[in-house]
Each structure stands twice: as C-alpha cells, then as structure tokens.
Amino acid sequence: MSTCKPVNLLPKAPEMNIVSKIKPLIVETLTDLYGQAFTEGELTISTTKPEFEGDYTLVLFSFVKQLKKSPEQLGQEIGTSLVQRHPELFSAYNVIKGFLNLTITDAYWLSVLQEQYNNPSFGKKAPNGKKVMVEYSSPNTNKPLHLGHLRNIFLGWSIARIHQEAGYDTIKSCIVNDRGIHICKSMIAWQLFADGATPASTGLKGDHFVGDYYVKFNDEYKRQVEVLIQGGMKKEEAEKEAPVMKATQQMLLEWEAGKPDVMELWAKMNGWVYAGFDATYTRIGADFQKMYYESNTYLLGKQFVEDGLKTGVFYKKEDGSVWINLTEDGLDEKLVLRKDGTSVYITQDMGLAEQKYEEFSYDQSIYVIADEQNYHMKVLKLILQKLGKPYAAGIHHLSYGMVELPSGRMKSREGTVVDADDIVEEMANVAKAKTEELGKVKDFSEDELKGLYDTIALGALKFFLLRVDPKKKMIFNPEESIDFHGFTGPFIQFIHARIKSILRKEKPSETAYTGDLLKLEKELIVTLEQYPNVIEQACAEHNPSLLAIFIFGVAKLYSSFYTEHHVLTAETEAKKQLRLKLSEMTAHVIASAMGLLGIRVPERM
RNA sequence: GGUCCGGUAGCUCAGUUGAAUAGAGCAACUGCCUUCUAAGCAGUAGGUCAUUGGUUUGAAUCCAAUCCGGAUCACCA
C-alpha cells in the first residue's frame, strides 16, 4: 500500500463495516447531547433511499417521546454534532421529516477502495475455531438425481462454503440411502428383465441404468396387481400378493441375513449408481469429505433406547415397543423402537448424529433436508436434547421448499421428474447456441468452449435455484428454459467478463485517488463495502439467496456505471486509475460472491 | 382435526428484527451498437401487499379472526 499520502486525514482501513462504525458515535453523541443512555440496539440505521441526499439514514421517531423534542430539532442537533465531532467521517447531513440523512465523506469511501481494491478475499473472516458439518444431497441409490436434489446440493455446498468464508472449519457429508425395499425393487427387476445387461453393455450412465429397472419394476408390479384384481382379488390384497412384490420382500430379508448372491448383486448395482452419481457430482462441482452409508448406520442408535429407558425419557409399551411422549412440547408420541426390537428412521438418525459427533466433535451440524421433514427434524433435535446430548443444541435443519412444476409436484410415476443430468445438458446446449450466435469467443479451443458452456449453464442453473429464499417452494417451468438475461447467473458472469476485458488492457496503479467522486462511482463503493456484512448475514441465516440478491445489485450498478462512464478513456488519468480500481474491486467481489454460490465466473464470454 | 410454512405487478421473486412515494427480473411498449463485450443501458406501463379488525406517531411487516394453497402428525425411509 502507498504510504506517502496524507494518511492522517483519512480514517483507518475499514476493518469494521461503516454502520458498526457510526453506531457508537451516534450513541456517544446522544448521550452527550441529552444526558441519557442509549444502546446501539435502539438505533435504526438503513441505507438512504436514492431519492434523498445522503448515504445512511438514522430514523429519529423512536427518540421523540423519550427526549420530548421534535424529530426535526433532534435531527438538526444530532447531525450538527456528528459533523462537528467527526469531520473525517461525516461531510454533511439533512433532516427530512423524521429522518436524519448522513453523508459519509468521499475520503472515507476512497480509503475503503484503496485498501480493498486488490484484495480477492475481501469479506473473508479469520478462522474462528468452530467446526460445522453440513449434510446434503443424501440420495437413494435406486434412481438418478433430479432437480429437487440439485436444489439440495447447491444449497448444501453453498452454505458450507459460506461458513468457511465466515471462519468456520467445515466438513461436507452425505448419508447415502443404499439399502431398503426400493433398492431391492431395482434388483428384482434387473434379475427379471436385464438378461445380464450392464451400464457398459448398454452405454447408459449407471444411475440411469439402475433407475430404468426401478421404473420397470413399477410397471411390472402394476401389471401383476391388475391381473390379480381381474382374477377377483381385492386391491389391497393384490398389492401384497403380486409375485414381484413378494420376491422383493423376500430379497430384503435375504439382504438383512447377508445372503452372498444378494449382497453381491446389491454391491454391483450400487456400484453402478455411485459411478453415475460421481459423474454428476464432478460435473456440477459437488464434493464431500465424509460419506455415510445407511447399510452401515441403520443399526445405530439402539444404545440410546437403553439409556433413554433408564433415565425415563423413553417408556415401553406392553407389546415391547419403545416410545417417547412429546405431547408436553406440543408434539405427539413418537416410536423409537419397534416391538420386534428393530430401529426406525429416527433411531438411526440419533445414532448417526452421535457417530458424527464422536468423529468430528462439531459445534454445529446442518442438515439440508426438504421441508416435508420439518416435523421429523424437530423431533430428532428434541429427543437428543432430552437425552442431554451436548451436540443437540448445534443441530440445525436447513429446510428448503420443494421444486414444483406449474402442474404441481414432480412425480416419478407420472414421468414428470426433471432429471439432473438432462437439465444440465439442456442448459449447456442453450449456452452453446447463445455463445455461437454472439460469436465473441471464436478463438477458443474445443476444451475452452466446453468449459465455458458448462460454466454458463451451471451458472444459470445454480443461480436460478439459489436466488430464492430456501424455505420457499419454487416453481420450475420446463417449457421455458432458464433465462440468461436479467436477474440470472449469466448476466453477472457477463459483467465479470466485461470488467476482465478492461483489466486485461490495463491494471490500476497503486497510487491513491484524492479527487471527487461521481454519483455512480460512489454508489459502487458504498455497495461493495457492504459485502462482508452480507456474507455474515447469509451465514447466520443459512441463506445463500442474500448473496445472490446482493451480487446482482452490484452487477447492475456496475453495468450502469460502465455505460455512463468510460474507464480506459476517462476524463483524466486520475479518474482512469480510480475507475480501474473500482472495476478490479467489483470483479473481485463478483468472483467471490459467485464462488460462495458455487458459480464460476469466466474471463471472457 | 392439531402443528408448521406460504399468499406482494400478467409470470417468477425481493422487501417480513415496524419507517420516507412497496422493489427487481421476465413478458409488453419507446429509444440506444463508427468509442472499454448490446448475455447490455436508459425509459414507459403494470399493485385493494388474500380479506377484515386491532396495536402504533408510523403496518406488506406485529396481534386476532377468516379465506385459499402446501407440508406434516406411519411399527415407511
């Protein structure tokens, strides 16, 4: 950094966000002026609306009653005092109705720019020594991933990445549901219909190959049930008696008994599925540090039942089944062990939580699971709390809404599931067509082009799924492919590429700028300065959409700036340097924020 | 029926720790490529914030009731 300028006139490098900086100053001013104690929490400070003069606004209404003065008078007094006491921070103020609009000095904003313009990690926090586990994806191994999984995966990956940026040590994990009746259905169908076919012999991706047999099972099952009903059987009975269903149940028993040929087929078919999943994960950029398999964990948790019975948290019914009564907590009674002594879903989850804690001693454990499991996760946390588990408090359910079609929920039986691989490929094709049409990267090699198409396709898809508040369900219309204009990933990628195109021609010099700031120049810095806060908030609220919304605002602002003011042919050399710095800082923040969403940004597009 | 979540522009969504004239994108309409990438910019139009009542200096936001949609309350996972 340059040190040969009159630094003493400038505020120190902004480790702290401007809002947290001015809050104590306002508190101090209030106390001095009126002799009453206020806390920072009592202040309402927001960015000043564009139609008014100023950067940040203090709402005065709340003080009127306590101080028995009109808002106008309060505003004048506080404003005068702040500008007098801290001329290095406040250059002007105005009072409109009950709002005190404060203008921060250009010098302050320029110091922010000067300190951070070449910092690609602006907003990154120092390690806080805390460990967070994020469990996401968690697929079944009987069919390929679909659009709903993608929302889960992008959310999980992003929330882990955001925590990492906020200073946490993160471990991404996945619990694979690799056992159970649904797997056996694919296995039975393969035995019946495959005639030895494999993914290799058919050229199909393993997860799709196995998924096809799951569909074949259901078709056959439906056919057999129909035949039995026509033979005079009742529907419920037919559903139980259909030969393929009986064979499947038999197979599940054999699996649990460890029958060698069943285990072998199971391992083989799961292997195909994993190969398929891995290909998808690699393409979309998902990764895990720890895989858990239900075939290993489904017996866990039984020791909890013993403990719970001893401490009276659980109780046993006459038939031998074990329950917990949660009615005092507003929930129902919940079974934790079947009468035959086998564990249920929630028992396994207790066991897995314990195992994760033993292995990683996490401070926080985030489960990315659809909102249909809100009740289950509430119960899980509550039970663990009642059992006095130290890790119970750190359990957080990142609940997200379903991705629905305009016609309603996706249903695999009706063939309305949007396949993950298909949608990625489709987006890549759109990206290709669009790129070729624009013809801006004709000199790219085959590989570079392919990389660019995936970057844009995944940018569009990830941004589309992450820009919405996770807890809200969202509508996806397959008729219209995901847009590349407006509030989208590709728009932001485009702005980044544009900036890079300038920076390839010239890089900013280190000398600090000391002149005036035009409206858009200042607005850009004011906005960029908020980035560390946005990371913090996205982390605290487990909500990547805050980053998506923020970074779109940045990109839009830069786009206006870019159209209105020239960088390389600026009015003066000093202005050019200023704008080069603005451009570089914007590019860094875009790359960083998009990175937290799992989206790459191209140098050219 | 109990619990939870949602209802904001034609569509998809922000805004929901109360604050100024409720914001974006898409779609529609008007302009702008001989100057750093037009996947862009500038602008026009589009609203009974589901309804009713309440609290407040101030309500899309808080409270109550009602209507609509969804999830869940399995010895399935």
Side-chain angles (χ1 to χ4, degrees), chain A residues 41 44 46 48-49 51-52 57 59-62 64-65 71 96-99 101 138 140 177 179-182 294 298 317 319-323 330-346 348-349 370-376 378-379 399 401-402 404 406 408-409 431 434-435 437-438 440-441 456 460 464 467-469 471-477 480 483-495 497-506 545-546 548-549 552-553 555-556 559-570 576 579-580 583 604-605:
Chain A
T44 308
S46 52
T48 303
K49 303 228 167 205
E51 57 268 35
F52 300 102
T57 295
V59 182
L60 300 162
F61 296 107
S62 40
V64 170
K65 206 176 267 177
I96 298 170
K97 292 200 247 174
F99 302 91
N101 300 321
S138 307
N140 291 353
N177 185 4
R179 52 146 240 129
I181 194 87
H182 47 287
E294 231 180 81
Y298 81 109
K317 286 193 177 173
D319 63 1
S321 58
V322 179
W323 297 72
L331 305 175
D332 296 307
E333 293 188 331
K334 182 85 184 174
L335 177 97
V336 294
L337 198 72
R338 295 193 188 99
K339 65 186 173 202
D340 63 7
T342 57
S343 53
V344 291
Y345 181 37
I346 196 114
Q348 297 173 39
D349 273 356
D371 61 7
E372 57 188 357
Q373 301 219 31
N374 285 355
Y375 180 77
H376 174 82
K378 206 166 155 185
V379 170
S399 167
M402 296 286 185
E404 294 185 358
R409 276 180 86 156
K434 189 74 196 172
T435 303
E437 181 192 322
L438 293 173
K440 289 190 262 193
V441 289
I456 295 170
F464 178 83
R467 70 181 194 188
V468 182
D469 186 335
K471 72 168 182 287
K472 292 203 175 183
K473 74 176 182 202
M474 58 189 300
I475 313 279
F476 172 74
N477 190 348
E480 323 162 355
D483 218 316
F484 286 6
H485 303 271
F487 186 22
T488 67
F491 166 72
I492 297 160
Q493 291 173 322
F494 169 68
I495 300 305
R498 234 183 191 180
I499 298 174
K500 284 302 185 154
S501 160
I502 293 173
L503 293 174
R504 269 194 300 277
K505 298 189 174 88
E506 186 164 348
S545 76
L546 300 177
I549 292 162
F552 173 61
K556 222 169 34 149
S559 199
S560 299
F561 161 81
Y562 175 96
T563 310
E564 200 136 323
H565 307 294
H566 281 245
V567 177
L568 295 174
T569 54
K576 179 170 87 179
R579 290 179 189 162
L580 281 170
S583 299
R604 293 174 56 193
M605 68 184 278

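Naming convention: chains lettered A, B, ... in sequence-line order (proteins, then strands); numbering from 1 in each chain.
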Discussion item. Taking 4.0 Å as the cut-off, does a side-chain nitrogen or oxygen of A/K65 come that near to OP1 or OP2 on B/U57?
Written reply: yes
Worksheet item: Taking for each residue the nucleotide of RNA chain B with the nearest heavy atom, is it A/T48 or A/P490 whose nucleotide lies nearer the 5' end?
Response: A/T48
Response to the item:
Numerically ordered, the residues 333-343 of chain A set in heavy-atom contact under 4.0 Å with RNA chain B is A/L335, A/R338, A/K339
Worksheet entry | Quiz item: A/T57 side-chain donor-acceptor pair to B/A20 base, under 3.5 Å | yes
Discussion item. Applying the 5.5 Å / 30° rule, does A/F491 stack onto the base of B/G40?
Written reply: no
Worksheet item: When you match A/R604 and A/L60 each to their closest nucleotide on RNA chain B, which lands nearer the 5' end?
Response: A/L60
Discussion item. Check this one for me: any side-chain N or O of A/K576 less than 4.0 Å away from OP1 or OP2 of B/C36?
Written reply: no
Worksheet item: Paired with B/U66 by Watson-Crick or G-U wobble geometry, both distances under 3.5 Å: which nucleotide is it?
Response: B/A50
Worksheet item: Is any side-chain N of the basic residue among A/E372 and A/K473 closer than 4.0 Å to the acidic one's carboxylate O?
Response: no
Worksheet item: What does A/V567 touch in the nucleic acid at a heavy-atom separation under 4.0 angstrom: a base, only the sugar-phosphate, or nothing?
Response: base
Response to the item:
Heavy-atom closest pair (A/S559 atom, A/I495 atom, distance to 0.1 Å) is OG-CD1, 3.7 Å
Worksheet item: Across all strands, who's sitting opposite B/G43 as a Watson-Crick or G-U wobble pair, both distances under 3.5 Å?
Response: B/C29
